[in-house]
2 protein chains.
Amino acid sequence: MESSQTLKPGMAKESIADLLRRHEINPTHQRVEIAQVLFERCEHLSADQIISHVNARFAETSKATVYNTLKLFLEKKLIRELIIDPNKVVYDPNTTPHHHFYDVATGRLTDIPADNIRIGTLPALPPGTVSDGVDIIIRTRPAA
Amino acid sequence: MESSQTLKPGMAKESIADLLRRHEINPTHQRVEIAQVLFERCEHLSADQIISHVNARFAETSKATVYNTLKLFLEKKLIRELIIDPNKVVYDPNTTPHHHFYDVATGRLTDIPADNIRIGTLPALPPGTVSDGVDIIIRTRPAA
DNA sequence: CCGCGAATTTAGACACTGTCTAACCCTCAC
DNA sequence: GTGAGGGTTAGACAGTGTCTAAATTCGCGG
């Protein structure tokens, strides 16, 4: 399958390689491919989808490499991991501090850009639905 | 292994059976055992722990039955499912509307009783830690 | 008490996601 | 060319949960 027309593959790969280098990641072939899949379409993709997308392009990449690379990207703060369900873990290329609103009824995942969280800033529930409660999962780390 | 002394097994089983009946659940032997494990110690237990605890009592209960029963309890709103990690799913016998505060750094899970959520009502972060963001997972359902 | 049909339970096979291992490959310095 | 080290790989493995088909139990009318 051909690469999409939206980005010039050559220059895109260059800047992605730079991005990796800026995060102290050795930009190998496979890593660039994986990063490109993640950043090109700015969606939240699962490991599974990433494997499919990468292998639909040029390179054959093994499952182990994709998992290794995602873990590396996580450590280097290039992406964030988002656990929606035990069988639905997705990766978020947006590393600016932000929050996520996930509605299990509709499957819709919304980004909340604020850092000033109040219930009033959340999107309204779809009409005719009620909430049993909100699970707030806060991901902390030692201050740098 | 003997049953604990804290509850009279007979009457406890009676009231638990009633609880199940009130939720339109046929109170079989195994279901009562599982419910008893969940409600006796009012902790958040994983499916794994529930299997161990049930089998440490009297009854031998198969893995499939425990999973079936937990799914049934969920449908009947007897318990809530709490996804902390892909490999850490626990069940909460407290069905009053409330929220959860989980700190991945400490592993501590706190109940937030309010229905008026504001960031100010959350426990303070441990000193020396910062947050990369908060994932708010809201579990909705059609209004009754 | 008997026996029937429906509901429930069961063991074990299966699927899925992610991890691990040990071998291989590629590059680069010398 | 050669050795060292990082990166990649296939496939085995582990944990969690689902499925299936058979066996058991239960409710209940006769």
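In this text, all values refer to a predicted model and were calculated from it rather than measured experimentally.
- Every salt bridge (charged side-chain N to carboxylate O under 4.0 Å, His left out) that A:Lys76 has, sequence neighbours left out, goes to A:Glu24.
- In this structure, A:Ser52 has no side-chain hydrogen bond (donor to acceptor under 3.5 Å, both in side chains) partners at least two apart in sequence or on a different chain.
- A:Lys63 is linked by a side-chain contact (heavy atoms from CB on, under 4.5 Å) to A:Ile51, A:Tyr67, counting only residues two or more places apart in sequence or in another chain.
- Taking the 5' to 3' direction, DNA chain C first and last meets chain B under 4.0 angstrom from a heavy atom at C:dT8 to C:dA13.
- Applying the side-chain contact (heavy atoms from CB on, under 4.5 Å) test to B:Thr28 and every residue at least two apart in sequence or in another chain returns B:Gln30, B:Arg31.
- With sequence neighbours excluded, no residue forms a side-chain hydrogen bond (donor to acceptor under 3.5 Å, both in side chains) with B:Glu75.
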Contact pattern, 5' to 3', of nucleotides 4-10 of chain D - B, S or - by protein heavy atom under 4.0 Å: ---SSBB
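- Atom pair A:Asn87:CG and D:dG15:P shows a separation of 17 Å (rounding to whole Å applied).
- The side chain of B:Tyr67 places no N or O atom within less than 4.0 Å of a non-bridging phosphate oxygen (OP1 or OP2) of D:dT18.
- In this structure, CZ of B:Arg21 is placed 14 Å from C1' of D:dC26, rounded to the nearest angstrom.
- A straight line from CG of B:Leu45 to P of D:dT16 spans 14 Å, rounded to a whole angstrom.
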Audit row: A:Ile50, A:Val54, side chain to side chain contact (heavy atoms under 4.5 Å, CB included) steps and yes/no: CA-CA 6 Å; A:Ile50 293 167; A:Val54 168; 4.2 Å; yes
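- For B:Asn94, the side-chain contact (heavy atoms from CB on, under 4.5 Å) partners two or more places apart in sequence, or in a different chain, are B:Asp92, B:Thr96, B:His98, B:Asp111.
- Scored by the side-chain hydrogen bond (donor to acceptor under 3.5 Å, both in side chains) test, A:Ser62 finds A:Thr65 as partners (sequence neighbours excluded).
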